[in-house]
Amino acid sequence: MQITVLSGGVGGARFVRGLVDALQHQGHEETLQDQGRQGAPDPTRVTVIGNTGDDITLFGLRVCPDLDTLLYTLGGGVDEAQGWGRAGDGRQVMEELAALGVQPQWFGLGDLDLGTHVARSQWLGQGLSLSEVTGRLAERWGLPALGVQLLPASDQPIETHVVVDGPEGPDGPERAIHFQEWWVRHRAALPARRFTVAGLGQARPAPGVLEAIREADVVILPPSNPVVSIGIILGVPGVRDALRGTRAPVVGVSPLIGGRPVRGHADACLAPLGVELSAAGVAGLYADFLSGWLVDEADRDGSFPRGVTVERQDILMRDRVGAGRVARAALDLGLRLR
Ligand code: FO1
């Protein structure tokens, strides 16, 4: 079985880890056999297509936060409290950069985490593609042994920028800042006029991305940010068409519960799109390819897109076990819709 997941950072990574846990759980193969499959169940492969719009070049190093969050979370090296970065990391390099007056200081890179960025930047500089680099990092973190393949959405650099008011306010000229500056430095508190993605016009899906969607048995959208995570992957030319054309059901988990984001600033991202802040509003963004939508019991109202099977349950991923439960429910919904 081939499961393909389009993922952002923290929420998506925790969901994928839950999915891997669920698949390793005995009961899953029974589910497959119950579905009438013949012979020995084939090994399940999970292909994760990671958002690269968050990527940024800092201190001359290429940083890919969402890919790294996926690597560290699946590989057992993430700082669990933060949800990103390395467990037990130090700040000696950042402290030295601060002493040297090197900017920016609003984005904190841990010493161990910097090792990833140095390696990635060196390999990219030697001519490897981001997919190849990500493959090497995935080996380091043991993803192949988990049955997980991690692909960047694109090998071409793409960067999400946020268009905000200039110094003269809402009636004056606008300015664009990097997504990370808006998200981390300003905590998404500067009202976004709109989002733009530099490089998207020239970007192509990374090798394997379209195949992973076309050949999937189930495609899953975890509760990642619909605008700046999943929305960016969908914007890579060819990806949305592949989702519309795949024979696999595409199922998703709402990132909003009771109209509020579980974590992150999805509300600040949805506002400029004029999208209703609700599980139904987010489903509407995927209406052209979505078959199933898992929402919380709190989300009873709203007009969901026609033809989408909506299921309700507790979708809050309180911990790793809870993430496994939610992932399992999403997978089962997809399997039922096949
Ligand atoms: N998030 C923060 O809020 N502050 C940081 O200083 C920060 C540093 C950072 C470094 C590496 C990395 O992989 C992620 C990092 N994040 C940080 C998280 C990241 O900015 C965002 O949460 C994601 O890009 C959104 O998906």
Side-chain angles (χ1 to χ4, degrees), residues 3-25 27-28 30-32 34-35 46 73 80 83 188 218-231 243 248-271 273-338:
I3 304 169
T4 300
V5 183
L6 276 56
S7 178
V10 182
R14 288 178 172 165
F15 177 91
V16 175
R17 183 172 61 182
L19 179 65
V20 172
D21 289 347
L23 289 168
Q24 284 174 350
H25 191 265
H28 179 67
E30 286 160 18
T31 309
L32 286 181
D34 290 348
Q35 301 259 326
V46 178
T73 303
E80 292 286 349
V218 181
V219 178
I220 308 182
L221 310 181
S224 291
N225 188 303
V227 182
V228 295
S229 296
I230 292 179
L243 285 162
V250 182
V251 298
V253 181
S254 173
L256 302 183
I257 296 183
R260 300 159 76 111
V262 175
R263 61 172 292 137
H265 314 288
D267 43 353
C269 300
L270 286 164
L273 274 68
V275 172
E276 184 190 271
L277 210 58
S278 69
V282 177
L285 292 171
Y286 307 139
D288 50 327
F289 55 77
L290 194 68
S291 334
W293 191 231
L294 203 57
V295 306
D296 199 78
E297 275 144 8
D299 295 294
R300 299 242 145 238
D301 307 323
S303 74
F304 292 89
R306 234 168 6 158
V308 176
T309 301
V310 178
E311 268 198 10
R312 285 184 183 78
Q313 68 159 72
D314 174 10
I315 58 163
L316 186 60
M317 300 191 296
R318 286 178 191 80
D319 51 21
R320 185 166 175 165
V321 173
R325 185 179 43 77
V326 174
R328 177 69 192 249
L331 175 59
D332 286 347
L333 175 60
L335 291 173
R336 278 200 302 283
L337 292 173
R338 274 207 296 176

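Positions are given from 1, in the same order as the sequence printed here.
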S.K.: State the OG1-CG distance between Thr309 and Leu294, to the nearest 0.5 angstrom.
M.R.: 11.5 Å
S.K.: Write down the atom of Ala279, the atom of Val295, and the distance for their closest heavy-atom approach.
M.R.: CB-CG1, 3.8 Å
S.K.: Are Pro223 and Phe15 packed together at the side-chain level, in the sense that at least one heavy-atom pair is separated by less than 4.5 angstrom?
M.R.: yes
S.K.: For residues Leu285 and Ile230, determine if any side-chain heavy atom of one lies less than 4.5 Å from a side-chain heavy atom of the other.
M.R.: no
S.K.: Which atom pair, heavy atoms only, marks the closest approach of Asn225 to Cys269?
M.R.: ND2-SG, 3.6 Å
S.K.: Throw together a table of side-chain donor-acceptor distances under 3.5 angstrom for residues 253-267, partners on residues two or more places apart or in other chains.
M.R.:
{"residue": "Ser254", "atom": "OG", "partner": "Leu256", "partner atom": "N", "Å": "3.0"}
{"residue": "Ser254", "atom": "OG", "partner": "Leu256", "partner atom": "O", "Å": "2.8"}

S.K.: Does any non-hydrogen side-chain atom of Leu243 lie less than 4.5 Å from one of Leu6?
M.R.: yes
S.K.: Please determine if Arg328 and Asp332 form a salt bridge, counting it only when a charged side-chain N lies under 4.0 Å from a carboxylate O.
M.R.: yes
S.K.: Output every pair passing salt bridge (Lys or Arg N to Asp or Glu O under 4.0 Å) with a member in residues 11-24, not counting sequence neighbours, ordered by first then second residue.
M.R.: Arg17-Glu80, Asp21-Arg320
S.K.: State, with a plain yes or no, whether a side-chain heavy atom of Val227 is found less than 4.5 Å away from one of Leu273.
M.R.: yes
S.K.: Val46 pairs by side-chain contact (heavy atoms from CB on, under 4.5 Å) with which of Thr4, Ile220, Leu19?
M.R.: Leu19
S.K.: Distance check, rounded to the nearest 0.5 Å: Leu221 atom CG versus Ser229 atom OG?
M.R.: 11.5 Å
S.K.: So which pairs with a foot in residues 281-302 pass side chain to side chain donor-acceptor pair (under 3.5 Å), sequence neighbours left out?
M.R.: Arg240-Asp288, Arg244-Asp288
S.K.: I need the Arg325 CZ to Met317 CE distance, nearest 0.5 Å.
M.R.: 10.0 Å
S.K.: Between Ala13 and Ser7, what is the shortest heavy-atom contact and its length?
M.R.: N-OG, 3.9 Å
